[in-house]
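See below for the structure under consideration.
Residue numbers run from 1 in the order of the sequence given.
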Amino acid sequence: MDIEKVARQMYNVPSSGENKFDENKFIRMSNLRCHSVLMELYQDTSLASHGLVLVKAGPNYIENVARGNALSFKIDGEVIPFRTNDYTTDYDSIYLGHGVDLKFSNKTFSISEDIIRKAAASNEFLVKVNLLGNEYIEGKCSHSTLKEAQLDSKDLNITVQQKDVDFANRIAAIEGFKVFVDMMDTLK
């Protein structure tokens, strides 16, 4: 089995289509993984006319996401908070293929296209999701260096090599953001 091919089918999965009801075209990028944070990006022609993207974000396990300012992006050092109007947390089970099922707790945030483009073009892109009980999770969406990966895996007692980091960087969430930006440009 080609592990890289399988991973590319599991993460940063693009889709597009047209709603038969109102002929609204849409684009979606699913399963964007920033360590323990998952995201999904969605835009249709109506949202595009307002310069907005809907972002579902939350942990890759079952947990309640906080209300209000529950999501923050840190793009090249600049922290940008986002507010959700969702009262309850949605819980999804995402089938990634090959017998892999992933839980996804999330809330939806409206984010400007400009910020999505800025994230896609960034050197360092981090995300933070606030949970209930004054807890939070963080994830790195941009590429990692060998040294960073080795530090992250230190407690796991595994050896990380450059080829492992290169593979992980090819499916990093920032790559999905880049593809989504290209898709946004074709939606207009």
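The disulfide bond (SG atoms under 2.5 Å apart) contacts involving residues 2-63 comprise Cys34-Cys141, where partners must be two or more places apart or lie in separate chains. Within the structure, ring pair (Phe, Tyr, Trp, His ring centres under 6.0 Å) pairs that include any residue of residues 5-28 do not occur (at least two apart or interchain). Residue pairs satisfying the disulfide bond (SG atoms under 2.5 Å apart) criterion with at least one member in residues 68-105, sequence neighbours excluded, are absent. Judged as a salt bridge (charged side-chain N to carboxylate O under 4.0 Å, His left out), the pairs with a partner in residues 157-184 (not counting sequence neighbours) are, in order, Glu4-Arg170, Glu175-Lys178. Within the structure, disulfide bond (SG atoms under 2.5 Å apart) contacts touching residues 143-188 (residues at least two apart or in different chains) do not occur.
Hydrophobic cluster membership differs between Phe167 and Leu151, with clusters built from Ile, Leu, Val, Met, Phe, Trp and Tyr side chains linked at under 4.5 angstrom. In the hydrophobic clustering of ILVMFWY residues, with side-chain heavy atoms under 4.5 Å counting as a link, Tyr61 and Val37 come out together. No path of Ile, Leu, Val, Met, Phe, Trp and Tyr side chains, each step under 4.5 Å between heavy atoms, connects Val181 with Leu54, placing them in separate hydrophobic clusters. Linking Ile, Leu, Val, Met, Phe, Trp and Tyr whenever their side-chain heavy atoms come within less than 4.5 Å leaves Leu38 and Phe177 in two separate clusters. The hydrophobic clustering, which links ILVMFWY residues whose side-chain heavy atoms are closer than 4.5 Å, places Ile116 and Leu71 together.
Looking at Asn12 and Asn31, their side chains never bring a donor and an acceptor atom within 3.5 Å of each other. With no hydrogens or angles considered, a side-chain donor-acceptor pair links Ser93 and Asp101 at under 3.5 Å.
Rounded to the nearest 0.5 angstrom, Asp76 CG and Ser122 OG are separated by 5.0 Å. A distance of 5.5 Å separates CG of Asn169 from OG of Ser144, quoted to the nearest 0.5 Å. For the atom pair Gln43 CD and Met29 CE, the distance stands at 12.0 Å (nearest 0.5 Å). Rounding to the nearest 0.5 angstrom, the gap separating the CD1 atom in Ile62 from the OG atom in Ser105 is 4.0 Å. One finds the CD atom of Glu63 at 11.0 Å from the OG atom of Ser36 (value rounded to the nearest 0.5 Å).
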Step-by-step side chain to side chain contact (heavy atoms under 4.5 Å, CB included) determination, Leu146 to Val160:
CA-CA 8 Å; Leu146 177 60; Val160 177; 4.2 Å; yes
Checking side chain to side chain contact (heavy atoms under 4.5 Å, CB included) for the pair Asn106/Asp92: CA distance, chi angles, key distance, verdict?
CA-CA 8 Å; Asn106 62 82; Asp92 294 322; 3.2 Å; yes
Determine, step by step, whether Leu32 and Glu40 satisfy the side chain to side chain contact (heavy atoms under 4.5 Å, CB included) criterion, reporting the C-alpha distance in whole Å, the side-chain angles of both residues, the deciding distance to 0.1 Å, and the verdict.
CA-CA 6 Å; Leu32 295 149; Glu40 176 181 284; 5.7 Å; no
Please report the C-alpha distance between Arg67 and Tyr87 in whole Å, then the side-chain angles of each, then the deciding distance to 0.1 Å, and finally whether the side chain to side chain contact (heavy atoms under 4.5 Å, CB included) criterion is met.
CA-CA 6 Å; Arg67 295 188 342 206; Tyr87 186 75; 2.6 Å; yes
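Judged purely by atom type and a 3.5 angstrom limit, Ser153 has no side-chain atom pairing as donor or acceptor with the backbone of Leu156.
Glu78 has no carboxylate O lying under 4.0 Å from a charged side-chain N of Lys74, or vice versa, which leaves the two without a salt bridge. A salt bridge does not link Lys56 to Asp86: none of the charged side-chain nitrogens sits closer than 4.0 Å to a carboxylate oxygen.
By the neighbour-count criterion of 12 heavy atoms within 6.0 Å, atom CD of Gln162 is densely surrounded, having more than that number from other residues, nucleotides or ligands. Open room surrounds CG on Asp155; 12 or fewer heavy atoms of other groups in view lie less than 6.0 Å from it. Under a cut-off of 6.0 angstrom, the local environment of CZ in Arg117 is crowded, with over 12 non-hydrogen atoms contributed by other residues, nucleotides or ligands.
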Please tabulate, for side-chain N and O atoms in residues 123-135, each donor-acceptor pair with protein atoms closer than 3.5 Å (sequence neighbours left out).
residue	atom	partner	partner atom	Å
Asn130	ND2	Asn69	O	2.9

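Aromatic pair Phe73/Phe82: ring centres closer than 6.0 Å.
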